[in-house]
Q: 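Below: one structure in structure tokens.
Chain letters run A, B, ... following the sequence lines, proteins first, then strands; residues in each count from 1.
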Number of protein chains: 2
Amino acid sequence: MSESSQIFVGLNAVILAVTDEEPRILTLRRGDHSVVLPEDGSLEAPPAELIDGLPFGPLDPARDRTLELALRAWVREQTGIEVGYVEQLYTYGDRNRDPLEREGGPRILSIGYLSLCREDVVVGATQARWRPWYDYLPWEDWRNGRPAILDKLLEPALKTWIEVAQDRRAAQLRRDRVDIAFGWGGAPWDGYRVLDRYELLYEAGLVGEALRDRRAAEPEGKAALAPRLGRPMCFDHRRILATAVSRLRGKIKYRPVVFELLPPTFTLLQLQRVVEALAGQRLHKQNFRRLVEKGGLVEGTGKLSAGTGGRPAELFRFRHGVLRERPTPGVGLPALPEQ
Amino acid sequence: MSESSQIFVGLNAVILAVTDEEPRILTLRRGDHSVVLPEDGSLEAPPAELIDGLPFGPLDPARDRTLELALRAWVREQTGIEVGYVEQLYTYGDRNRDPLEREGGPRILSIGYLSLCREDVVVGATQARWRPWYDYLPWEDWRNGRPAILDKLLEPALKTWIEVAQDRRAAQLRRDRVDIAFGWGGAPWDGYRVLDRYELLYEAGLVGEALRDRRAAEPEGKAALAPRLGRPMCFDHRRILATAVSRLRGKIKYRPVVFELLPPTFTLLQLQRVVEALAGQRLHKQNFRRLVEKGGLVEGTGKLSAGTGGRPAELFRFRHGVLRERPTPGVGLPALPEQ
DNA sequence: AGACTTATGCTAAATGTGAGCATAAGTATT
DNA sequence: AATACTTATGCTCACATTTAGCATAAGTCT
């Protein structure tokens, strides 16, 4: 292995909590692309342009015995949070994705993690800040019906992208991908394809990061007219976020991970709202109730909640025993109705 | 980052094909633990003891633009195979898992991949060899009923492991994990928990790798009496294999990946046998047929197969259009009946 | 010809899911 | 205190999916 090709390993964390029925992730404001490579773990940012980023830090091969321990260590340092539930998402290592590592520079490998917190986590004295994850992926939130951004910006831009393909065959390929990812042409909207959609938008040059990366490669782009959908993030952090959303939406179907986001006892509506927040869609109340209650996921405590309006609701808790009864305890999501 | 803490990134591939109704992976025989770190991509093996390993090679940060390209490159070099379908599994980086990297040595990160091939792949002139994946995980194959190894070796050994726990509380924790992973105490056997089971057996010291890793750490173990279940592999390759099996069994439920393992046209029984081979369980023939046919996963070609015994079967092909019709086209597996 | 193999069509029963009606039991308003 | 409004909870009907078989078709093997 040559000297010029050192590898840096960064660990990135999507730290999620759901407060006020809104899924929020912890972000830091950083100088875009100007972050000094963390030789000593610190982050220098000649503030060219501040942009959101996930908490992240290097793997210190000498100190950290496992990747997860490394992650916990500097999440604590950077945000003051002691994370509980942690799950690895994906390892990204494309050279062209990261403007920092053009020819000759060190290679950066980023390993994405997802961490789930309760609402009450205290963020230490840092510039870390909670932000709704749908700020970054606004087309994913269907809780109040079809998101406006789809018709106003996204779909017209994608239509253009299909039209400007090199030839008819390339256009057809683009078309097929869009059909499946965004549910065009009668295909249903699939809430799980969050990553597909983001990657497609990146390729189509419709997210800020794509323009940024191309600008670094080419002198000046002509596609500067395209809309920049959603709030951008530095490096490939938004891709990692999209991976996290995909994974989590998939996982709540068969593992009781939602409860990591809730206090020890909760009402069924609270539980439902959290699931809806993650899924980005509304659920039928009575059916949801039946699902989690008959499914053995929760058990009543007998106590009633203070009540936020109407009739007081019973407080429930997660039923640990369900793990040994059913292979896949979770909340299945219905297909989104044609909208 | 200090000089002493270089990071090496290795890419490992579980290359799978299903032939004769048996899932087989490509393995190489290597000298265990004595593989010289691949400075130049070659593998020196002072043959202490030959052991199976996955094809693997380093990421060359200078050459390989993406991780997947790197993988494809040296899978070609090592085995002569041009892989088609490739999917990343997980990145492992625990220090204690790898006997090569005790104190002071370089840190090794291994990124696992899964690749699916058609039966007819030609393996180049190497020592690479196809081997049934159930050789490594024999307790996972329930196609001919409950595997004998469970009652003969595995469960007694686990019982002992529970008993020798430090205290009552620790024993209870072990018990709970075993209950869920292996379906004790009325819990059903969950075909998807392949990784859970392997990790548990590793911790319980019931696979060869655990003994190997401990032997390197401690002078001499007393647990040498424990059975060594399944065929061992070098490094943490068996863990990667277990990850692959888990992932694939999960994925066939909602993505039509099985077809990567089949020729372009096939009979429904062929398809069923491949699914059964992956799932490690038998399926109801008529119901399987209805599932894939009514589900729009396949379409008949009108041609008949040569027939392998009885009445000739129609040849089917994968119906690509299903991708745009249904969000999750795949073959769901029924819960294993209590055995 | 008869036994055996695989393919394929069909159905009854059980289970799961989607949608909505109806009632209960609180809070807010008049 | 009565009324409107909120949320909670029980229940039902229609429909889709799944499980487990029965039954017949159309080949091969002896």
Side-chain angles (χ1 to χ4, degrees), chain A residues 21 188 191 252-254 265-276 279 281-316 322 325-339, chain B residues 21 188 191 253-254 265-276 279 281-316 325-339:
Chain A
E21 310 186 359
I252 53 177
K253 268 192 304 197
Y254 62 94
T265 72
F266 45 81
T267 68
L268 292 186
L269 187 57
Q270 273 181 288
L271 174 58
Q272 181 181 344
R273 292 294 181 228
V274 171
V275 172
E276 288 175 339
Q281 63 177 279
R282 293 262 166 241
L283 301 172
H284 184 284
K285 190 168 177 172
Q286 295 93 320
N287 290 346
F288 181 81
R289 175 185 201 82
R290 178 179 59 192
L291 190 70
V292 297
E293 230 179 341
K294 300 252 161 102
L297 274 170
V298 297
E299 59 190 356
T301 63
K303 289 176 204 157
L304 295 184
S305 79
T308 55
R311 165 175 171 181
E314 185 172 4
L315 286 169
F316 289 77
V322 74
E325 293 159 13
R326 303 204 312 153
T328 59
V331 283
L333 304 176
L336 268 178
E338 215 70 38
Q339 304 235 13
Chain B
E21 310 185 359
K253 269 193 304 196
Y254 62 95
T265 72
F266 44 82
T267 69
L268 293 186
L269 187 56
Q270 272 181 290
L271 174 59
Q272 182 180 344
R273 291 294 182 228
V274 171
V275 172
E276 287 175 338
Q281 65 176 278
R282 294 263 168 241
L283 300 172
H284 184 285
K285 191 168 177 171
Q286 296 93 319
N287 290 347
F288 180 82
R289 174 186 200 82
R290 181 185 53 198
L291 188 71
V292 297
E293 230 180 342
K294 301 251 161 105
L297 273 169
V298 297
E299 61 192 354
T301 63
K303 290 176 203 156
L304 296 183
S305 79
T308 55
R311 167 175 169 180
E314 184 171 5
L315 285 169
F316 288 77
E325 293 160 13
R326 302 203 312 152
T328 58
V331 283
L333 305 175
L336 267 178
E338 213 70 38
Q339 304 236 12

Q: Taking the minimum atom-to-atom distance to the side chain of B:Q286, which one of D:dG21, D:dA26, D:dA8 wins?
A: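 From the listed options, D:dG21 comes nearest.
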Q: Report the residue (B:H284 or A:N287) whose heavy-atom-nearest nucleotide on DNA chain D is the more 5′ of the two.
A: A:N287
Q: Below 4.5 Å, heavy atoms only, C-beta onward: do A:K285 and A:Q272 meet side chain to side chain?
A: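 Yes, at least one pair of side-chain atoms sits under 4.5 Å.
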Q: Any idea which of C:dG9, C:dT6, C:dA19 is nearest the B:K285 side chain?
A: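 Of all the options, the side chain of B:K285 is nearest to C:dT6.
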Q: Roughly how many Å is it from CG in A:L304 to C1' in D:dT7, rounded to a whole number?
A: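 In whole Å, D:dT7 C1' and A:L304 CG are 13 Å from each other.
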Q: Tell me what B:L268 touches on the nucleic acid: a base, only sugar-phosphate, or nothing, going by heavy atoms under 4.0 Å.
A: nothing
Q: To the nearest angstrom, how far is A:Q272 atom CD from D:dT9 atom P?
A: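 Checked: the CD to P distance equals 12 Å.
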Q: Please lay out, stage by stage, how B:F288 and B:L271 fare under the test side-chain contact (heavy atoms from CB on, under 4.5 Å).
A: CA-CA 10 Å; B:F288 180 82; B:L271 174 59; 3.8 Å; yes
Q: In whole angstrom, give the distance that lies between atom CZ of A:R311 and atom C1' of D:dA8.
A: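 Rounded to whole Å, this separation is 5 Å.
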Q: Starting from the 5' end of DNA chain D, give me the residue, A:G309 or A:E293, whose nearest nucleotide shows up first.
A: A:G309
Q: Choose from C:dA7, D:dA8, C:dG18 the nucleotide whose nearest atom is closest to any side-chain atom of B:R289.
A: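 Looking only at side-chain atoms, B:R289 lies closest to C:dA7.
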Q: Expressed as a whole number of angstroms, how long is the span from A:K294:NZ to C:dT17:P?
A: 12 Å
Q: Is there a side-chain contact between B:L315 and B:L304 (heavy atoms, below 4.5 Å)?
A: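 With C-beta onward as the side chain, the pair stays apart.
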Q: What integer distance in Å separates B:F288:CZ from D:dG21:C1'?
A: 19 Å
Q: Rounded to whole Å, how long is the line connecting atom CZ of A:F316 with atom P of D:dA8?
A: 10 Å
Q: In whole Å, I'd like the distance from the CG atom of A:L297 to the P atom of C:dG16.
A: 14 Å
Q: Are the side chains of A:F316 and A:Q270 in contact, using a 4.5 Å heavy-atom criterion?
A: no
Q: Compare every heavy atom of A:G296 with every heavy atom of A:V322, then report the nearest pair and how far apart it is.
A: CB-O, 3.3 Å
Q: Could you state the atom-to-atom distance from CZ of A:R290 to C1' of C:dG18 in whole Å?
A: 8 Å
